[in-house]
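Order of the sequence lines sets the chain letters (A, B, ...), proteins ahead of strands, with each chain counted from 1.
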Amino acid sequence: MTGYAVEVNEVHKRFGTVHALEGLTLKAHRGEIYGLLGPNGAGKSTLIRTIVGLLAPDSGSVTVLGHAMPDKNILARVGYMTQASALYDELTVFQNVAFFAGLMGCRDRDAIDAAIAFVDLAQRRDSRVATLSGGMRQRVSLASVMAHQPDVILLDEPTVGVDPQLRVQFWAHFRAMTERGITLIVSSHVMDEAERCDRLGFVRSGQLIAEGTAAALREQAGCDTVEEAFLVFAEQRGVSNNEH
Amino acid sequence: MSTNRTLILARRVVQQMMADRRTLALIVVVPVILLSFLGILIRAEPGKLVVGIVNDDQGVTLVGRAVNLGDRLAEVLGGFEEFEAEVMTASEADRRLQDGSADAVIMVGPDFTTQVTQTRHLALRVTFEGSNPMISDRLRTIFERVALQAANNFVLVASSPTASDLPELTATIDARYIHSGPEYDTLDYMAPALIGFLVFFFVFLLTCVSFLRERLAGTLERLQATPIRAHEIILGYMGGFLLFGLIQGAITLLFTVFVLDIHYAGNLLNIFVVEVLLVAVSVNLGIFLSTFAQNEFQVLQFVPLVVVSQGLLGGVIWQIEDMPRWLQPLSKLMPLTYANQALRDVMIKGESLLDVAGPLGAILLFAALVIMLSSRTAGRATI
């Protein structure tokens with residue numbers, strides 16, 4: 001048992017000729033929000049899907065809460081929120097959350113109601129998901145990955161298509177979760193969300209090109225914003241790549 | 001109304017269709033395949049029926065001539081193209097009616113001619129195998145003609161050329177049935193197969209669409225990121241749809257039995273056992289084939305391929321024995337063929353589950369095969 005919630009070691013993953021992950025290494029501490037930043041197609045989703053065990057790495061290893069992945073049993077302590085809110089439209093908010101919580105081994109109605117209240121949807125508890133707005137659906141999705149009180153939650157672009165007001169709310173939720181000791185790994189291509197993470201990993205072309213707190217990364221790159229810092233690191237990588 | 005806008009929309013529809021090559025191919029290929037099957041089935045020569053004659057007739061001597069009506073009957077029966085007449089012993093007739101290799105047997109007793117002479121009435125004793133009421137009906141009509149013909153023949157033979165005042169003989173069929181009875185009709189023959197067909201059709205369609213949606217909505221990927229195993233997903237789907245399959249089966253059964261008034265001989269509960277197995281096959285086939293569909297529209301394309309083809313070749317309407325020989329192996333590859341056989345044997349012949357163990361085993365085999373295929377599908381989120 002290590003102190004890390006998630007460890008990714010030298011993971012390679014290839015789809016045909018596309019090298020999605022190229023020896024990526026990353027370690028997320030318990031109780032922190034780890035932000036995965038990078039452009040579309042950088043390999044963020046592949047990385048998250050590999051951590052959850054949906055994809056088996058070609059080489060390298062992934063460890064979640066001290067267990068080598070893929071491991072179906074440890075998934076009960078993990079929550080995974082996909083890019084698009086994957087829910088059953090015909091079912092109500094409660095039925096959706098209860099379904100996913102149930103599969104994780106949580107049949108406690110109070111815990112399910114608490115998760116729904118946590119994302120401010122208590123009023124719509126018995127509404128069919130099909131009648132909800134996009135932002136509400138995202139919140140149902142969030143409730144459905146946290147009702148079983150996992151130790152690690154992986155969120156793949158949770159704030160895509162979410163309006164600014166709701167985005168602020170989401171980050172408040174995320175922060176509140178870490179206070180319960182939950183580790184969050186959040187991927188995003190919106191650089192201004194970076195400041196809200198405890199630590200950041202810059203992902204580009206299937207590699208982790210830099211890692212650290214937002215402030216440290218900015219300082220290291222000598223920039224004012226995270227966005228500029230990303231470009232500096234990406235540039236360095238590009239140059240060093242050309243050298244050999 | 002703008003022609004321009006209309007044309008733009010029409011062009012878009014054409015563009016969309018052109019992009020979906022599979023649909024295009026199906027529009028052309030499927031009607032041709034289905035029409036060929038239909039053509040073959042409708043034009044196929046029905047298989048030869050077998051009619052046995054047990055002829056113990058001793059005959060009589062009339063006006064100095066030996067007359068044996070039983071022999072005459074056998075002769076007349078031999079001249080029909082619809083069936084093959086075989087002279088057989090009583091015990092052989094019994095056996096062949098039981099194992100279904102004879103469709104009907106005409107029993108001619110030792111005093112057949114004597115009785116006809118005395119009563120001036122020809123009662124033809126026929127035992128029908130009966131499991132296909134359509135065949136029994138067809139034969140019965142022929143036998144009525146034969147009896148009448150034989151009776152009239154007898155009048156000619158037995159009367160003196162001068163006597164013209166002889167009354168005509170009457171003829172009746174004295175029928176017994178091994179399975180079913182004279183009250184059974186075509187619907188009684190079709191209903192067991194239709195009950196199986198409908199359950200198979202709807203459960204297949206529902207599972208295929210549900211599983212496709214599960215994949216398209218991304219919920220399948222989420223399922224796979226939970227501790228649930230592929231076989232648990234499949235069993236869960238089977239359990240859920242089994243409920244509706246059985247409700248549907250119960251409603252169609254009750255409707256056909258009490259409203260359409262069909263006859264049945266067997267234990268109705270046995271029908272549900274067959275249906276449970278059939279649901280297992282259709283759920284898993286639905287899950288497996290959903291892999292090959294990108295949208296609901298493409299699921300519909302499976303209907304002519306998977307459902308209609310089984311409806312045509314699985315013995316729902318046309319008997320498999322009547323199909324051309326080269327087509328019959330195709331029927332043997334279809335689960336509905338065995339379900340129809342089992343359901344008919346249970347409903348018409350009143351057989352027990354043990355009696356239909358053969359077809360049940362075949363359905364189980366299909367179930368095992370599709371479960372193997374579908375568990376591979378359920379384990380993968382993407383195609």
Side-chain angles (χ1 to χ4, degrees), chain A residues 15 45-46 48-56 64 67 69-91 95-106 129-130 137-138 140-148 150 152-157 185, chain B residues 202-245 247-248 283 286-287 290-291 293-299 371-372 374-383:
Chain A
F15 299 106
S45 290
T46 306
I48 287 184
R49 297 183 68 211
T50 308
I51 295 173
V52 185
L54 286 170
L55 297 171
V64 174
H67 293 259
M69 298 302 284
D71 179 348
K72 277 263 172 203
N73 295 316
I74 198 67
L75 288 175
R77 292 169 62 193
V78 178
Y80 167 47
M81 183 167 156
T82 50
Q83 229 168 58
S85 54
L87 299 165
Y88 299 99
D89 279 353
E90 311 86 337
L91 303 186
Q95 286 169 334
N96 266 287
V97 178
F99 172 70
F100 286 109
L103 289 182
M104 296 298 197
C106 164
V129 163
R137 292 171 62 93
Q138 286 285 79
V140 178
S141 209
L142 182 61
S144 73
V145 300
M146 55 160 289
H148 63 290
V152 176
I153 299 181
L154 297 128
L155 305 125
D156 197 0
E157 308 250 4
I185 295 183
Chain B
F202 283 110
V203 172
F204 168 75
L205 214 57
L206 285 175
T207 335
C208 206
V209 170
S210 302
F211 216 79
L212 176 77
R213 279 158 75 184
E214 189 106 67
R215 183 167 32 238
L216 293 183
T219 48
L220 182 61
E221 182 170 320
R222 281 206 59 192
L223 285 187
Q224 283 159 351
T226 74
I228 198 167
R229 296 337 197 243
H231 69 266
E232 291 165 336
I233 295 178
I234 286 167
L235 282 174
Y237 259 83
M238 272 161 71
F241 281 113
L242 189 63
L243 177 70
F244 294 101
I247 290 175
Q248 192 203 32
V283 163
I287 291 176
S290 74
T291 323
Q294 311 292 326
N295 50 51
E296 274 99 336
F297 185 50
Q298 292 191 338
V299 171
I371 285 171
M372 255 166 55
S374 69
S375 45
R376 295 187 57 188
T377 303
R380 290 182 303 176
T382 45
I383 300 157

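Annotation: residues 227-235 of chain B contacts chain A through Pro227(B), Ile228(B), Arg229(B) [non-hydrogen atoms, separation under 4.5 Å].
The OG1 atom of Thr82(A) sits 11.5 Å away from the CG atom of Leu154(A) when rounded to the nearest 0.5 Å.
The side chain to side chain donor-acceptor pair (under 3.5 Å) test applied to Gln298(B) returns Asp20(B), not counting sequence neighbours. With sequence neighbours left out, Glu296(B) forms a side chain to side chain donor-acceptor pair (under 3.5 Å) with no residue at all.
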Show me, pair by pair, the donor-acceptor contacts under 3.5 angstrom made by side chains of residues 205-214 of chain B, not counting sequence neighbours?
{"unit_1": "Thr207(B)", "atom_1": "OG1", "unit_2": "Val203(B)", "atom_2": "O", "d": "2.4"}
{"unit_1": "Ser210(B)", "atom_1": "OG", "unit_2": "Leu206(B)", "atom_2": "O", "d": "2.7"}
{"unit_1": "Arg213(B)", "atom_1": "NH2", "unit_2": "Glu90(A)", "atom_2": "OE2", "d": "2.3"}
{"unit_1": "Glu214(B)", "atom_1": "OE1", "unit_2": "Tyr237(B)", "atom_2": "OH", "d": "2.6"}
{"unit_1": "Glu214(B)", "atom_1": "OE2", "unit_2": "Tyr88(A)", "atom_2": "OH", "d": "2.1"}
{"unit_1": "Glu214(B)", "atom_1": "OE2", "unit_2": "Thr219(B)", "atom_2": "OG1", "d": "3.0"}

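Checking Asn96(A) against Ser144(A) by side-chain atom types alone, no donor-acceptor pair falls below 3.5 Å.
In terms of heavy-atom pairs under 4.5 Å with chain B, the best-connected choice from Asp89(A), Asp71(A), Val145(A), Val78(A) is Val145(A).
Surrounding CZ of Phe244(B) are at most 12 heavy atoms belonging to other residues, nucleotides or ligands under 6.0 Å away.
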